[in-house]
Structure formats: structure tokens, C-alpha cells
Amino acid sequence: MIMARILITSAIPYINGIKHLGNLVGSQLPADLFARYMRARGHEVMFICATDEHGTPAELAAAKAGKPVDEFCAEMHAVQKDIADGFRLSFDHFGRSSSPRNHRLTQHFAGALAENGFIEEVSEKQVFSIADNRFLPDRYIEGTCPNCGYDKARGDQCENCTKQLDPTDLINPRSAISGSTELEVRETKHLYLKQRSLRADLEAWIDSKTDWPVLTTSIAKKWLNDGDGLQDRGITRDLHWGVPVKKGDQPWPGMEGKVFYVWFDAPIEYIAATAEWADAHGKADADWERWWRTDKGAEDVRYVQFMGKDNVPFHTLSFPATIMGSREPWKLVDYIKSFNYLNYDGGQFSTSQGRGVFMDQALSILPADYWRWWLLSHAPENSDSEFTWENFQTSVNKDLADVLGNLVSRVTKFCRSKFGETVPAGGEFGPREAALIAELQGRLDAYSACMEAMEVRKAAIELRGIWVAGNEYLQAAAPWTVVKTDPEQAAAMIRLALNLIRVYAVISQPFIPDAAASMMAGMGTEDWSWPEDIASALQVLPVGHEFTVPEVLFRKITDEERAEWQQKFSGVRA
RNA sequence: GGCGAGGUAGCUCAGCUGGUUAGAGCACACGACUCAUAAUCGUGGGGUCGGGGGUUCGAGUCCCCCCCUCGCCA
């Protein structure tokens, strides 16, 4: 196997609150699965995530919490970091889009784009709230709809009659933030990224990605071709919290007091976070640049992004336009794995309504592995999928407790009672064992192929099949019967089965890292080497090797618990 | 209204460029086993593949129309 270098990024979660399970399964979790698998196969991996911290919602959330926005973001970053650790998300670095690295890099990209003629200054009129001392984004202006008379219409659209509005259309407009009616229209200047000038480049690039999921390319092409086609995009805002507008390290005349739009600086944070990683580990710039600069070693890097479908336009068009327009040799993404939505019990997960299970709540009721297994084995790859408590309970109980957990239990306890807690000697492998080895080799190849291709659900099915094969073997070999007449032969069977536990720990680790660690600890080894060859992998634990019977790996979810949680999470988040 | 994704066994889903009796897991029934977390293993019942046309020797798989769900946009 040739060692490869793989750069993996997960869409970066917004700072203003804790994410729900739908967000988790749409980007961070599958990205982690892929990162863990690639590391397990011996590849060099750089797995990057961060918090997305700028913009109006962050400012408002901070105000609501009664804290300065920078302090609020620092606290929420720590909270999200803890939860990510709780889910065992194995980021090499979990950065912050508000970092000095991202400030400098964002300003650098803007400067380069301007130099190459891809930035246009546009003067436009926006609503300014005197009481709030700030410009108001359209959706933060409320008033009476001129069309239907609804008195809580927003400046971008009336939610009652769905008519598209301009803020100036509203009757008796007021600030949605303070309620103040002291509003005035002011002239303000903004920078636009001339995406239309890069349209041909973008289209050619996307057309060259024939191996991308249809979900990814269909969304990209829609934005490229729909209506009037790809539009130029404003990349600055009249806000206080954000990356100050600069042309590289120089001031940008006329843009004083403005910041870059959150969607401009957020993807750049992928790069900046890698630089933050280098800083945090006392490494040189060359150490992160070899992942991102094709002129500095990134030519052989494979870059894979994970995200929900709502993020696809920014990753297929806006961010690539930023990179292409810089005319600098930054690494473009090689593969975009995108996901549909996970629904919750007949409806949508909703952050604003607190509907569904949020990441902190999930960890408070069950260990990470339960969630990881269910979410990954039901990842919304081909269409939206649905979380129900009944499905969660049966899947987890059956797959984890019955098929895998019980297998570990029956093997180790049987050995302990008949041979003691060491790998027993005697006997030889026969045709039945040879058949098992052949089957496992074939199934493992299929599993690996799915993991390489990021076919998450299929990989889970293959892995489960491998677990089942172990039970099938035991059932057919029946060492509990054989031991009565031929203890040596039974010993050979159990020797194989104990080694099987180690193999299962290694290959299951990307899905269920904690259980894998328990299995490995029980087997008394730290040999995580991937079972390239099953026959030899099943001899890693030698005769006489000591092990212990692990605690129950997965306890079952009871009907009472299921009913309780179903009730608890049906309504509004406390 | 436009666009995109879907509508396959009770449930959750597989089914690439059309090809013999449409698959898996769960649930259900029966049987085997008793080492194990009342776990495991085997066998079986169950679907006119949203509806209607069409192309074809042959369509869940291609074309047209319609219905329904979800999302995005206007």
C-alpha cells in the first residue's frame, strides 16, 4: 500500500449554539469516520474543523447572553470543542474563524482578488438603525406587509403571504433587534466578488469532476446556470464583529469600519486553521503550507470536504472562485462528499424551535458510540433519512449489543471458564476455519472499498456482516460441545475467536472508537495494525497471551428509556 | 410557479450503463443451540417496485403525462 496524504475538512459549525444530530451526521461525523479509517490504513491525514464565528447572529446571541461578542465566542468555542471531544471527533485541529491567522489570510485573499481585477466596489442603499447604531440586514427589519397587512413581515420576505419584499416596501418599519422605528436609508459602499468573470473557469472545473456525487454536482450546476446564472457576490458588511476589510496588509480606502462577510472568511478558515495547527504545535509555516500550496508540497495531497447539501454552493462556487481568482497555487478540493438532511420523528430537526436531539443532550443520555453507530449506519446519503427512537433502539440493541457485544462476551467468558484467561494452546485450524478466513478476507475487501469510496451506509452494512460471520462460525463450530470430547480442538477454535476480537476492534475503530479501545484493552494488546492478511492477523495473540473479560460493551436501551426520551425530546428544548 | 432529490416488503433502506423466480436488516412464524447481554444460528411467509401510457424480444431500471413528499429558488 502506497502511503498517501489526505486533507480532510468538515463544514465548520456556526458559533451561536449547540448543533443537533442532523448537523453532526451531515459533516463532522462522516469526516471523522474517513479520517480515522485513512489513519488506520497508515496514510498521513490532516483533519481540520473550526467554529464559524462572525456575523450578525453571533452578535445578537452574545447580546442576548449579555456578553461581549469576543468573550461569548471564546466560551462557545470551548463548549463546542468539549462536545466534539465527547463524540470522539478526531480533528487534528479545531480552529476559530476569528483567529489572527484567518484575519491575515482573508485580507490577503481579498487583496489578491483586487489585484487581479475580481473585486468591484458597489454603492448601495441600506437601512440604518440609529438606536442600534448599526446597519440592519434585510431580515432584521420588521414591519407591516404592503401586500397582506401582516404586521410582522420581514424586510426580505413576508412569512404570511410569502411575497418577496424590499425593506423599503414595509409600512411602519422597525428594527427587529430593538424595536426602534428610528430608521433611515443610508448610502454605503461594499465589495463584490466578480464570480461572473470566473464562471467559465468554475464550470470547466466542475465538469471535470465526473466522480462527484450527483447531489454535489447538480446543486453546483443549478447555481451556475439557473436564471441569469452565477451572480457576483457581496463580500463585505457594515458590522463590527468580523475580519476588518483590508487589501492585504494595507488599508482599503473607503472601506473603513467594515468587515468581510462571514461567508467569505469562513471557508478560508480551513486554510487558516491548518496554520493555527502549526502554530499550536510549534511548527514552521512550511509544515502547513505543504498541505495547501501546490508549489510547496501539496501537489500530491488529496483534499476531501464533507458537508450538508445546504453548504454545497459555497464550496463548489464561492470558495473555489476565491482561490482561482487569487491566481495563487492554493489547493482546490478534489472531492466533495455531501449529505441530505436527517429528519426527526416525522419532521425536521430545528435549532430555533429546539426540536430533536442536540449534541450535548445526546451525550448526556448515552455514550458516543451508540450515536456514532446509528447516525453513520443511517447517514442520509441518497435521500433525506429519518431518526425515530424505535429505530434507534432496535438498531443499537441488535447491532451493537447482540451481534458485536455479545460475541465478545460469549467468547471471553467461555474461554475463562474452560481454559482460563490466557489464549489456549492445542489443536489446529481445519476446513471450517479456512472457510471463515476466506470469507472474512472477501468481506474485509468489500468493507475497505466502501470506506475508500466514502459509502458510509454500505460500509456499516459490510462491517456488521463481518461481525455476524463471527457468530456464524461459533454457532457452526460449537466449541462448547467440542470441548467435552476434544478440548484441544475447542482450544483452537477459541484461539481463533479471541484473535477475531482484536481484528474486530481494529476494523470497527472508525465507527465505534471507545468500544474498540475496550476490546483492545480486554485483549491486552496495543497492536492496532490493520489486518491486511486475515490468516496472519488471526495469529497476533499467541498461545499463552493473557487477556481479561471486558465489561459489557453495550448495555441495551430499555423500552422505558425509549419512551422517556421520546417524550423528553418531542417538544421545545429546555 | 421553476429547479433538484425522492416515492421499492409492516418499518428503515440496497438495487451501475434495461435481461433468468426484485434484495438486506429489523419486525413476524417455525426450528436448532444453550458458550453468551432471554443473546446466537438456520428456515419461511410477505411486495402488481406511487398511478397511467409508450419504446423494446424484455423495464423497478429508458421516454411522456399525472399524483404525493422533502428541499432550494423566484
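Given the structure is predicted, the values throughout are model-derived calculations rather than measurements. Chain naming here is simple, since letters A, B, ... match the order of the sequence lines and numbering starts at 1 in each.
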query: Which dot-bracket string describes RNA chain B (Watson-Crick N1-N3 plus N6-O4 or O6-N4, or G-U N1-O2 and O6-N3, all under 3.5 Å; [ ] crossing; | other strand)?
result: (((((((..((((.....[...)))).(((((.......))))).....(((((..]....)))))))))))).
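Spacing between B/rU43 and B/rG7 at atom C1', rounded to whole Å, works out to 32 Å. Across B/rU17 and B/rU55, the matching P atoms stand 22 Å from one another, rounded to whole Å. Comparing B/rA22 with B/rC13, their C1' atoms are spaced 14 Å from each other, to the whole Å. Rounded to a whole angstrom, the distance from the C1' atom of B/rG58 to that of B/rU20 is 11 Å. When the C1' atom is compared between B/rC68 and B/rG52, the two are found 15 Å apart, to the nearest whole Å. Taking atom P in both B/rG10 and B/rG46, one finds a spacing of 12 Å when rounded to whole Å. Comparing the P positions of B/rG54 and B/rC3 gives an interatomic distance of 26 Å, to the nearest angstrom. The same atom, P, is picked in B/rC16 and in B/rG50; the two are 14 Å apart, to the nearest Å.
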field: Residue pair A/Asp32, A/Arg372: steps toward the salt bridge (charged side-chain N to carboxylate O under 4.0 Å, His left out) verdict
entry: CA-CA 10 Å; A/Asp32 182 66; A/Arg372 290 179 61 103; 2.7 Å; yes
query: Do A/Gln509 and A/Arg36 pass the side-chain hydrogen bond (donor to acceptor under 3.5 Å, both in side chains) test, and can you show the C-alpha distance, the side-chain angles, and the key distance before you say yes or no?
result: CA-CA 8 Å; A/Gln509 179 270 132; A/Arg36 284 176 175 275; 2.6 Å; yes
- prompt: Do A/Arg443 and A/Glu439 pass the salt bridge (charged side-chain N to carboxylate O under 4.0 Å, His left out) test, and can you show the C-alpha distance, the side-chain angles, and the key distance before you say yes or no?
  reply: CA-CA 6 Å; A/Arg443 285 181 173 277; A/Glu439 183 190 349; 2.8 Å; yes
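With values rounded to the nearest 0.5 angstrom, A/Glu462 atom CD is found 12.5 Å from A/Trp467 atom CH2.
In terms of modelled atom types and a separation under 3.5 Å, the side chain of A/Ser417 and the main chain of A/Phe414 share a donor-acceptor contact. A donor-acceptor pair is defined here as one N or O able to donate and one able to accept, closer than 3.5 Å; such a pair exists between the side chain of A/Thr236 and the backbone of A/Leu191.
The distance between atom CD of A/Glu455 and atom P of B/rC16, rounded to the nearest whole Å, is 12 Å. The distance between atom CZ of A/Phe392 and atom P of B/rC13, rounded to the nearest whole Å, is 16 Å. Rounded to whole Å, the distance from CG on A/Asn340 to P on B/rU12 is 16 Å. Counting to the nearest Å, the P atom of B/rG25 and the CD1 atom of A/Ile466 are 16 Å from each other. Per the geometry, CG belonging to A/Asn391 stands 12 Å off P belonging to B/rC26, to the nearest Å. Put simply, OH on A/Tyr344 is 19 Å from P on B/rC70, counting in whole angstrom units. Summarising the geometry, the separation between CG on A/Asp399 and P on B/rA39 is reported as 14 Å, rounded to the nearest angstrom. Protein atom CH2 of A/Trp373 is 12 Å distant from nucleotide atom P of B/rC26, rounded to whole Å.
Applying the 4.0 Å criterion to OP1 and OP2 of B/rA24, one finds that A/Lys458 has every side-chain N and O outside that range.
Stacking of A/Lys337 on the aromatic ring of A/Phe339 is recorded, both the 6.0 Å distance cut-off and the 45° axial limit being met. For the pair A/Arg237 and A/Phe135, the cation does not sit on the ring face, since its NZ or CZ is not both under 6.0 Å from the ring centre and inside 45° of the axis.
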field: Letter per nucleotide, 5' to 3', of nucleotides 32-38 of chain B [B base touched, S only sugar-phosphate touched, - untouched; heavy atoms, 4.0 Å]
entry: -SSBBB-
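Under the side-chain hydrogen bond (donor to acceptor under 3.5 Å, both in side chains) criterion, A/Glu561 pairs with A/Arg555, A/Thr558, not counting sequence neighbours. Every residue two or more places apart in sequence or in another chain that forms a side-chain hydrogen bond (donor to acceptor under 3.5 Å, both in side chains) with A/Lys125 is listed here: A/Glu187.
Residues A/Val403 and A/Asp399 come closest through the heavy atom pair CB-O, 3.4 Å. Between A/Tyr140 and A/Thr56, the shortest heavy-atom distance links the atoms CE1-CG2, 3.5 Å.
Near RNA chain B, meaning a heavy atom under 4.0 Å from it, residues 426-445 of chain A has no residue at all.
Side-chain contact, A/His315 with A/Tyr270: a donor N or O sits under 3.5 Å from an acceptor N or O. There is no side-chain donor-acceptor pair under 3.5 Å between A/Trp205 and A/Thr316. Side-chain contact annotation: A/Glu421 with A/Thr548, donor-acceptor N/O pair under 3.5 Å absent.
Summary of the strand contacts: A/Tyr341 and A/Arg464 both lie near RNA chain B, and taking for each the nucleotide with the nearest heavy atom, the more 5' one is attributed to A/Arg464. Between A/Ala469 and A/Arg457, the one whose closest nucleotide on RNA chain B sits nearer the 5' end is A/Arg457.
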Protein and nucleotides 42-47 of chain B: nitrogen or oxygen contacts under 3.5 angstrom:
{"unit_1": "B/rG42", "atom_1": "OP1", "unit_2": "A/Glu472", "atom_2": "OE2", "d": "3.2"}

